[in-house]
Structures are given as C-alpha cells and as structure tokens.
2 protein chains.
Amino acid sequence: MEKFTRNKRVVIITKILLESPNKIIGLNKFSELLNAAKSTISEDIVVVREVLERLSMGKIETIAGVAGGIKYIPSIGYDKKKEFSLELCNLLEDGGRVIPGNIIYMTDLMYNPEIISKAGVMLSSCFQGKDIDYVITVETKGIPLAYEVARNLGVQLVIARRDSQVTEGPTVTINYVSGSNGRLQQMSLSKKSMKNCSKCIFIDDFMKGGGTAVGIKDLLKEFDSELVGIGVLVDNKQSEKKLIDEYVSIVELKEVDESSIVGIQPSKIFS
Amino acid sequence: MEKFTRNKRVVIITKILLESPNKIIGLNKFSELLNAAKSTISEDIVVVREVLERLSMGKIETIAGVAGGIKYIPSIGYDKKKEFSLELCNLLEDGGRVIPGNIIYMTDLMYNPEIISKAGVMLSSCFQGKDIDYVITVETKGIPLAYEVARNLGVQLVIARRDSQVTEGPTVTINYVSGSNGRLQQMSLSKKSMKNCSKCIFIDDFMKGGGTAVGIKDLLKEFDSELVGIGVLVDNKQSEKKLIDEYVSIVELKEVDESSIVGIQPSKIFS
C-alpha cells in the first residue's frame, strides 16, 4: 500500500479535521487512510496544530482515553473578526436596502455562503466549550446561519416552524408576543426534533425587541430544555427596551431612515 | 516576518482552499500570508493537488490570466459515495420514521450537518462545470442541503417562500399544482433575490410527484431564468408518473407501508 510524505499527510489531516469541526476523530482513521504509524500521525498533527494556532486559524484539541482522538475547533483571529464586521457594515450601508416600513432588506447576505460561513465561525466561537446540544432557529432567514453555527459546534440543528406541518409528526405549539409590534404569533416544534433536558442556543438574522427569543425560551421549556445563549447577525439598537438582555451580535445599527441605514458599526466584542 | 516550512504552508493552503470552494484565489493571497515567493507557493500547490486527487478528495484547477489563480473543486470518490448512500438507506429504514399519512419523518437527517455536508458535496458534484448562477429551494426542510450545494458550487442561495413577507420587498408569486395530491399551492420570490437571465438548479429534500419542481420552473420563467438541474436527497419511486423527468437523487425508495420503509436503495448513479 502506498506511503505518503509528511507534506501530503498533513494536507489530508487538515482536510478531514476541517470537514468535521468539534467532532472527535480517532488517530486510527488517519493511520489507516494514510498507511502510517500512529506515532507518525501524532507528529503530523503537531505540525497542523502549530501553524493553525500561529495564524489564529483554529485549534486542535487532544482527547485522551479509549474514545479519544483529536478535534478541530474553528476560530478566527481578532483582526479577521474586525475586518469581517467592518465589511458587513459596508454591505449593509448600501442605500438600496431600506424597504417600506423602514425594514432592512438583508436576505441576499443571509443566503450568501461566503458571508454566512464566516459569520457562522464567529458566532460559534462565542459558544465554544459551553456543551451545547442543539442550535435552534425559527424559519426562514436565519436558517443558513444557524446551520453554519451548528456545523461548527458539531451539533444538530433544530428549526421551529411558523405553523405545524404534516411532515413533522406530533408538534408542540406556543404563542408569543412580538417584542417590536406587540402582535401575537405562533411557533411549533416537532416532538421528535430534540431530546428533553437539552442545552440550546438560538441563532437568528436580526434582534429587534427580543420577542422571538422569549418565544424560543418558552418553547424550549416545553421540552424541559434550556436556552443558554443567543447570537444574531444584526442587533437593532433602535429598540431600546428589549425583552432579552444577554446575546451576541456581529454588527449593531442605531438608526434606519427612509433612504438609508445610519450609524452601523461592529458590535463591541468584534470591534 | 516569519517564514514557514512547506509542511506548514500546505496546511494553510489546504484550509483556505477548502473554505472557499469554487472561488478563484490568487496566488498573491497565499504568498503574502505565508511570506513566500509565488514560485514556492506554486510548488506547494502541486503537493496539495496531488494528494487530494490521489485520494479522490477533490481537485484543484488553475485559472490563467490577470484574474487568475487556483480554485478547489469538492468531490468524493466513488467508494465514499456508495458508502454514504448505503448509510443513508440504513438511517431511513429505521421503522419509527413512518408517521400518519405514510409520510417519512426525515427532518432530523435534513438538519444534521454531518449528513447534509456530505450530501451537499455529492449533489454539487453532479452540477459542477455547468456555470450555475444560483441554487434555489423552497422553504423549509431543504434549506440546509441547498445551502451546502450553493456553498460547494461557490454561488448564492435563493429561497422561495410559501407566502410573501414584508422583509423581502416586491415579490413575484406563482400558483402551482402539487404533483402528488393535485392541490393548488403558492410560492413567492423577492424581485431583489436574483438577476434575470440566470441559470439555476433546484435542490430539495424529497421528490414525489414533481409538482414543486414545475412550480420552481414557472417561478424562474418570471425572472427570465432557466432551471438547468434538480437534485434531491430522496426520490420517492412510488409516484410512478412524475411531472419532471430529469433529476438526480442520492437514494430512492420503492414503498412505504404503515410500519416501515421497504425497498430503499442508493440511486443508480451512486450505487
């Protein structure tokens, strides 16, 4: 069977690690695929770990024991985070985004894989090490971002629906009050979609009054589960009184008038 | 400024390529980040390319010219595709999945990043080189898969909604007839969401009668755009007469009875 040089082995190790963030991978897997002794693989991993950490491109953790191995923890350096937050501000400042009702059109950004994959790493790094079981969102615009956060944390995604669906089996439905306009709304979650007694984070595109986050909290209570964190792409600081205190955002905006967004800036943790 | 050994440079090159599939990356980017001559980077790229191709883990293409550089094209080897298709069959054969109406509960799979990221590479590889502009889906269950296909093809995702939303600006709405139950349904797409005269592929979780695909085709016509391909995770062969002929699926199922799924197997192209 073919042998590979270290140059080539580290390429494959990097690829496999990156494709399964936050999942423990046994050294056997590398050893078999690359036809190399575990001790050799261990030396390869040192190379990968050193350069990733040196360039603030993620960490590799070693997990001891029978079920042990290594896992890749995605992260981005401070400079890159700031650069990305500023880039997002520039994209949002584009005048054509304000639509009737002083609403900001940002669907194009939420469905852009280049933007969402970076935002996903940034938000996931805020919840790393918190033993999250699920990432939850409510349809529709936040789904790609929530998916990326779930992928980076190595956990399952859960999506609450606006109405219950025949394809979901038995569902739990709750009512909640929108924080911004006081309207009563509904969300449903399939009983099969998560185990009870879980720790979840809620990911969404936009934080306004915080009503949806309160709704998610109530919905999770029906599963005896806990909301332990909230992350959004954009925090609308125009709603001064929010129903939720603790959450992280990538950018925050102060004002929207009829023609453009004014006063958008990176959130404190990323500036 | 620090210099890196080849071992370390190839790790970083691999990481950057993998994070932006199907996007052209100029050698300057690597050269500056790694403080190495372009000729050195070119040699590094040869190493990365050789081992990825050797293990059927993707290709690296070189694009000549001023805007040139290299791009990573994700792919999976034949054996891995077959292995994954069989794994998916096993997961679906689990008896607890059939819910009232002989519907198969597969939301857990559609929201599982480990499964969806692999399925995304497999489906994207069917449309590689076809100059796709957008990946389109209709909310909700197919969104993570469509997002992965879009990410792998390096294009924007577009999501049709079941009803028009205030956050989407002006929308185009069409009616379509569900292929399986003949019911009239609606879908809407924001005018801002795509450029006219585009080539799109439609990605979804499930193909039954093909009515949704016909709806997408009609919707795209309103944008003077063309549907050039369809990919789904599961093809339900129970609906013999489909409104759509050409599409790819990862697995196909022949029969669902009240207690379990019978006759599920990898689709021909992956078996």
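Side chains are part of it too, since the values below use all heavy atoms of this structure and drop only hydrogens, waters and symmetry mates. Just so we're clear, the structure is a prediction, and the values are computed from it rather than from any experiment. The chains referred to below are lettered A, B, ... by the order of the sequence lines, with proteins before strands, and numbering in each begins at 1.
Contact count versus chain A (heavy atoms, under 4.5 Å) is highest, among B:P144, B:S193, B:G169, for B:P144. In terms of heavy-atom pairs under 4.5 angstrom with chain A, the leader among B:K141, B:E19, B:K118, B:R9 is B:K141. Your options are A:R161, A:K15, A:R54, and the one with the most heavy-atom pairs under 4.5 Å with chain B is A:K15. Comparing B:L17, B:I103, B:V48, B:N7 by heavy-atom pairs within less than 4.5 Å of chain A, the highest count is held by B:N7. Chain A forms the most heavy-atom pairs under 4.5 Å with one residue out of B:M106, B:M194, B:E50, B:E148, and that residue is B:E148.
Between B:G96 and A:K192, the closest heavy-atom pair is O-NZ, 3.0 Å. Residues A:L55 and B:F4 share a closest heavy-atom pair of CD2-CZ, 3.9 Å. The two residues B:E168 and A:T107 make their nearest non-hydrogen contact at OE2-OG1, 3.2 Å.
Only the side chain of B:I16 comes within less than 4.5 Å of a heavy atom in chain A; its backbone stays farther off. The parts of A:Y105 that come within reach of chain B are both its backbone and its side chain, each placing non-hydrogen atoms under 4.5 angstrom from that chain. Interface residue A:E139: only side-chain heavy atoms are found under 4.5 Å from chain B. For B:L34, the part sitting under 4.5 Å from any heavy atom of chain A is the side chain, from C-beta outward, and nothing else. No part of B:V135 comes within reach of chain A, as not one of its non-hydrogen atoms sits under 4.5 angstrom from that chain. In this structure, chain A has no heavy atom under 4.5 Å from any part of B:Q165. Proximity to chain B (any heavy atom under 4.5 Å) is restricted, for A:I99, to the side chain, taken from C-beta onward. Heavy atoms of A:S190 lying under 4.5 Å from chain B belong exclusively to its side chain. Both the backbone and the side chain of B:I116 come within less than 4.5 Å of a heavy atom in chain A. The parts of B:I159 that come within reach of chain A are both its backbone and its side chain, each placing non-hydrogen atoms under 4.5 angstrom from that chain.
Taking OG1 from A:T140 and CZ from B:R162, the interatomic distance works out to 10.0 Å, rounded to the nearest 0.5 Å. Rounded to the nearest 0.5 Å, atoms CD1 (B:I143) and CD1 (A:I143) are 3.5 Å apart. The line from CD1 of A:I136 to OH of B:Y111 is 11.0 Å long, rounded to the nearest 0.5 Å.
Contact check for B:L52 versus A:I12: side-chain heavy atoms found under the 4.5 Å cut-off. No side-chain heavy atom of A:L157 sits less than 4.5 Å from a side-chain heavy atom of B:N112.
Applying the side chain to side chain donor-acceptor pair (under 3.5 Å) test to pairs two or more places apart or on separate chains, none has a residue in residues 70-80 of chain B.
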